[in-house]
Number of protein chains: 2
Amino acid sequence: MQALKYSRQRESIKNFLAGRKDHPTADIVYTELRKTYPNISLGTVYRNLALLTDLGDIQKITAGDGVDRYDANTTPHNHFICRRCKAVLDLDMEDISYIKDIASEKFDGVIESYSVNFYGICPSCKRDLTNE
Amino acid sequence: MQALKYSRQRESIKNFLAGRKDHPTADIVYTELRKTYPNISLGTVYRNLALLTDLGDIQKITAGDGVDRYDANTTPHNHFICRRCKAVLDLDMEDISYIKDIASEKFDGVIESYSVNFYGICPSCKRDLTNE
DNA sequence: GTTTTTGCAAAGTATTTGCAAATGG
DNA sequence: CCATTTGCAAATACTTTGCAAAAAC
């Protein structure tokens, strides 16, 4: 049971995320979709973001600033969070998934996954700071 | 200006954290300190945890489950979060701080720090699951 | 027709904040 | 005394949830 039924709202949330390279919060998704679907509700957005995350269609990012963000890119990659403008960027970097094995070496439990966030100053803010 | 004045509450929060190897939430700190200081308030606990974090005396851990945790151990180390019992454990593992350099290679901004969380099943839950 | 999803509003968490009183230096 | 910190309560921010109506199949 619990078959999945199509919903225009869910579809548009997924498409909206797929078209963004930044990592919108639930509230941004809601505000933007509202332009096309004036009646969509925040609850629906949250429900679908959670469902899509469970399905593995999207990824939830916890950057540590109190708001969760969502990413349609579910291939393994790491994030950078700018401490000045709070932007969350994808990092183009060499694979470091072997850190999972390093962590497992002296650990008696099971390590299934990991998440890395890098923090600092993004390229754009770096420019701003240089020209100040 | 903004000189730091001693406070019994701040001192006890710091000491309480120093005596724990798990990673208590603000609410746990509050509930436990209340046994010694029945009048301490949650606001005071939050204010001091934020202040101590800024001072670098403690570390804030965002595990991704909506509650922040605090750690008196400020030496670089990584955390493991059990998806079954939600325990947050320190990982005894080889240094991986070079991932900062790897991340910097193709990145035009400044990477100042990073945080890694590993997820899976802790040793204790692993035992429980085996004996089920 | 039955089940899932929605919109709306209310409720639930976690955390922050304004302010007068208390405390520290 | 003056500046900082506290306790308290109210406010805020983010997310979840109950329920009747709407949509999907």
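Throughout, protein chains are lettered first and strands after them, A, B, ... in sequence-line order, and every chain is numbered starting at 1.
- Between Gln9(A) atom CD and dT6(C) atom P the separation is 5 Å, expressed in whole Å.
- Looking at Glu112(B) and Phe118(A), their side chains never come closer than 4.5 Å, going by heavy atoms from C-beta outward.
- Contact check on Asp128(A) versus Arg84(A) returns a salt bridge, with a Lys/Arg side-chain nitrogen under 4.0 Å from an Asp/Glu carboxylate oxygen.
- In terms of position on DNA chain D, the residue among Leu4(B) and Pro38(B) whose nearest nucleotide sits closer to the 5' end is Leu4(B).
- Nucleotides of DNA chain C nearest to Tyr6(A) and Tyr70(B) differ in position, and the one nearer the 5' end is that of Tyr6(A).
- Across all strands shown, Asp68(B) has heavy atoms under 4.0 Å from sugar-phosphate atoms exclusively, and none from any base.
- In this structure, the ring of Tyr114(B) has its center no less than 6.0 angstrom from the ring center of Tyr119(A).
- Ring planes of Phe80(A) and Phe107(B): tilted class, angle from 30 to 60°.
- Contact between the side-chain N/O atoms of Asn39(A) and the OP1/OP2 oxygens of dA22(D) is not found at any separation under 4.0 Å.
- Atom CG in Leu51(B) sits about 15 Å away from atom C1' in dG24(C), given to the nearest Å.
- Under the 3.5 Å distance criterion, with hydrogens and angles disregarded, a donor-acceptor pair is assigned to the side chains of Asp90(B) and His77(B).
- In this structure, the CG atom of Asp54(B) is 12 Å from the P atom of dT5(D), given to the nearest Å.
- One hydrophobic cluster holds both Ile102(A) and Val116(A) under the rule that ILVMFWY side chains link at heavy-atom gaps under 4.5 Å.
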Within the sub-3.5 Å range, which N or O atoms of nucleotides 17-20 of chain C have a protein N or O partner, and how far apart are they?
residue : atom : partner  : partner atom : Å
dG18(C) : O6   : Arg47(B) : NH1          : 3.3

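- Using a 4.0 Å cut-off, no side-chain N or O of Thr25(B) falls inside it from OP1 or OP2 of dA14(C).
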